[in-house]
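What follows is a set of notes on a single structure, which appears directly below.
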2 protein chains.
Amino acid sequence: MSKVSLRDLAKTLDVSISTVSKALRNSYEISAETRERVMEAARQLGYHPNPYAGSLRHHKSKTIALLVPELTNNFFIQAISGAESVAQERDYHILIYNTHEQYQKEESIIGHLGNGRVDGVIMSLTSETGRYDHLNDLIQSGIPIVFFDRIAHEIETAKITTDDFTSAFNGTEHLIRHGCRDIAFLSLSDSLSIDNKRKQGYLEALNKHDLNLPASRIVRCEGDDAGNHTRIRELLQAEKRPDAIFASVEKLALSTYNAARDAGVRIPEDLKVICFSNLRTAPLLNPSLTTITQPAYQMGAQAATVLFKYLEKKRPVIQNENIILKSELIPRDSTRKTSN
Amino acid sequence: MSKVSLRDLAKTLDVSISTVSKALRNSYEISAETRERVMEAARQLGYHPNPYAGSLRHHKSKTIALLVPELTNNFFIQAISGAESVAQERDYHILIYNTHEQYQKEESIIGHLGNGRVDGVIMSLTSETGRYDHLNDLIQSGIPIVFFDRIAHEIETAKITTDDFTSAFNGTEHLIRHGCRDIAFLSLSDSLSIDNKRKQGYLEALNKHDLNLPASRIVRCEGDDAGNHTRIRELLQAEKRPDAIFASVEKLALSTYNAARDAGVRIPEDLKVICFSNLRTAPLLNPSLTTITQPAYQMGAQAATVLFKYLEKKRPVIQNENIILKSELIPRDSTRKTSN
DNA sequence: AAATGCAACGCAAACGTTTTCGGAGTTTAT
DNA sequence: ATAAACTCCGAAAACGTTTGCGTTGCATTT
């Protein structure tokens, strides 16, 4: 039972190809009787239309691309899961690409998406991405992009984010209320919008509470886990170590846990830790980890919903729009007040 | 700058479409001079070939599908990541589908993959999947499938698994060596090959050590987290509770941690826990979790490698082949020997 | 001078659809 | 009875490629 085409159906039924095609699409031009015959034969022979032939005619692929900077990451996975659910409902297909936090890969992949392979793109930027020509080119060629989390402000389109500034502000205040005065901020990138917003929220909270900290309290980390580990360990073993760490992303908090263990620094007695995270095991950690949890699944679902809404129009140019969802601060033991 | 086709290039260069096409593919039929002119123009106008036109001609899409029963799952994500890396190297594209542990979805998605959308499939079965007609049909229609982890023995093709029997055997012996005599096994499915192998390994170890346990020590769990939680809590609060739990999958171990906390059962003093898991935070849990960790990334990469090897042949019929990778037992505190 | 060879290019078919248009046959209206 | 309208279907173009083959012009060989 090899592939069966319209032509095959037409031949066995002794009608024309166009009749078969119309019958399958319930055209009014076809009599009920032949329609039934065609349908039956299609079922019998296991006919499935060749998607690419249709794509070629319609300039629609019913496929979107999903670009993320990291795959083994709870946040992105949940977002992907959300987008996938919406796509499955709408009979869309999802091509997935890992940009590995590399601008060069992002550019290359976006380039390959040019000519009709996908109808639209959902993406989160690389931590290296500082210029947006490749993205603008794609949009110019008629393929809309919806951003989530790591967005490009400069591009006019729909962007799904969370209240990063407020969350970071609240998170920092949470630390201050629990007795911290020397809070280090672990940053991932200088070019990323979310990183900057979180940084600003952190600084604004310090400012409100008249805490003057040296610029070195903002520690710039990288993709490399091992490097981050030693960087954080040095921070914790320095002359004057911070009494709290605000990790801008989950993996930096995990590195902090490991580094603290190595350095003999107790959490939360010696060091309180909070971070943005979608870790399911946060309540089970030792100690349980205080997190700011983003609605990752909803962000992905929302991004897909917005994209599909526009894709169903004839000329899909997405309006500039900022959709901001709320994150949730979940206090746990890593920021628990201690006697000393 | 809208989409530019071969025809557009031909028109601006005042040559025929076929000349342009051949020039771009470095045909010997084209002079070096025109070849350069064409290349330059293509670069200038940002020409990218329409992938679907090519697919239509060649019956090759350079695309594969990846079906997993769950997305928010560390094992599957790492496997996906491995497959994606290999695919990106080879310029293949990956369509991703979540079957949500539902046979019906699996069947439907497989059905839609019939006519040329993909060149091949990499998948892990649903816990509900007990019949394989849909998969056989797909293979009959010329689209090869490579299984990983949750495989279908009945289908002749390449299958990537881990040494589930041995790992479960060793894991159970590990528990026995650490003083456990009443070990419960949390199972996920009766139809899944890996679940059965793990169960057999568990039973064989019990047998070797002359431990006779009632059949009720094998607890059949489900997809529903809440249900599992109460099921496990009841197990722990029963008259005579087990002194160890062997969770066949990660999420059942996490439910066990939660249930133990609810029931006031201490790990590892009252209950030792081991499980198959790819959790990055296993060392950071309270207590740290003893795991049998599968080489998930390598499994995905391996599956992709095997698939691509066959796809490059003319008639891709995959030989029956069992590729078995080794899992690693990593002892941690959840199975630590305690005084009492 | 005629025949042959070769280099460089264009024609056209094909992949599997969808859709416009026209045509044949039948029914309805005048 | 003739014209008009309607029903049902087929022919063919188009989407953007690739490729076998034919064609042209020129140089080389006899």
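Every heavy atom of this structure was used, including side-chain atoms; hydrogens, water molecules and symmetry mates were not. Convention: sequence-line order gives letters A, B, ...; per-chain numbering from 1. Predicted, not measured: the structure shown is a model, and the values here were computed from it.
Rounded to whole angstrom, the span from the NE2 atom of B/H58 across to the C1' atom of D/dG16 amounts to 13 Å. Remark: P of C/dG16 and NE2 of A/H48 are 16 Å apart, rounded to the nearest angstrom. Atoms CG (A/L9) and C1' (C/dT17) sit 13 Å apart, rounded to a whole Å. Atom CG of A/L56 and atom C1' of D/dT17 are 8 Å apart (whole Å). As a whole-Å value, the separation of B/Y28 OH from D/dC21 C1' is 11 Å. Here the C1' atom of nucleotide D/dC9 and the CG atom of A/L24 are 15 Å apart, to the nearest Å. Rounded to whole angstrom, the span from the CZ atom of B/R37 across to the P atom of C/dA8 amounts to 14 Å. Taking atom CZ on A/R117 and atom C1' on D/dT17, their separation rounds to 14 Å, with Å as the unit.
Near-neighbour residues of DNA chain D inside residues 10-17 of chain A, defined by a heavy atom below 4.0 Å, number-ordered: A/V15, A/S16.
Note on A/S21: a base of the nucleic acid sits closer than 4.0 angstrom, heavy atoms only. Heavy atoms of A/T34 sit under 4.0 angstrom from primed sugar atoms or phosphate atoms, though from no base atom. Among the atoms of the strands shown, only primed sugar atoms or phosphate atoms (P, OP1, OP2) are found under 4.0 Å from some heavy atom of B/S31. Among the atoms of the strands shown, base atoms are found under 4.0 Å from some heavy atom of A/L6. Here A/S18 lies in heavy-atom contact (under 4.0 Å) with a base.
The base of D/dG10 is paired with the side chain of A/K22 by a donor and an acceptor separated by under 3.5 Å. Side-chain atoms of A/E29 and base atoms of D/dC8 include no donor and acceptor less than 3.5 Å apart.
Residue A/I80 forms a side chain to side chain contact (heavy atoms under 4.5 Å, CB included) with just one option from B/L71, B/I80, B/T72, B/N98, and that option is B/L71.
Between B/H48 and A/R117, the closest side-chain pair of non-hydrogen atoms is not below 4.5 Å. Residues A/V68 and A/R150 have side chains not in contact (no heavy-atom distance under 4.5 Å, counting atoms from C-beta outward). Side-chain contact between A/I30 and A/V38: absent, with no pair of heavy atoms (C-beta onward) separated by less than 4.5 Å.
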| field | CA sep, side-chain torsions, deciding dist, call: B/E40, B/R37, salt bridge (Lys or Arg N to Asp or Glu O under 4.0 Å) | value | CA-CA 5 Å; B/E40 178 53 26; B/R37 279 182 60 220; over 6 Å; no
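Nearest nucleotide to the A/T19 side chain, out of D/dG16, D/dG10, C/dC9: D/dG10. Comparing D/dT19, C/dC9, D/dG10 by their nearest atom to the side chain of B/I30 picks out C/dC9. When distances run from any side-chain atom of B/R7 to the nucleotides D/dT17, C/dT17, D/dC15, the shortest one goes to D/dC15.
Note on B/R25: every side-chain N or O is 4.0 Å or more away from OP1 and OP2 of D/dT17.
For A/E36, the salt bridge (Lys or Arg N to Asp or Glu O under 4.0 Å) test picks out no residue, with sequence neighbours left out.
For A/Y52 and B/H58, the distance between ring centers is not under 6.0 angstrom.
Nearest heavy atom pair, residue A/T63 against residue A/Y92, reads N-CD2, 3.8 Å.
The 5' end of DNA chain C is approached more closely, in terms of each residue's nearest nucleotide, by B/A32 than by the other of B/N115 and B/A32.
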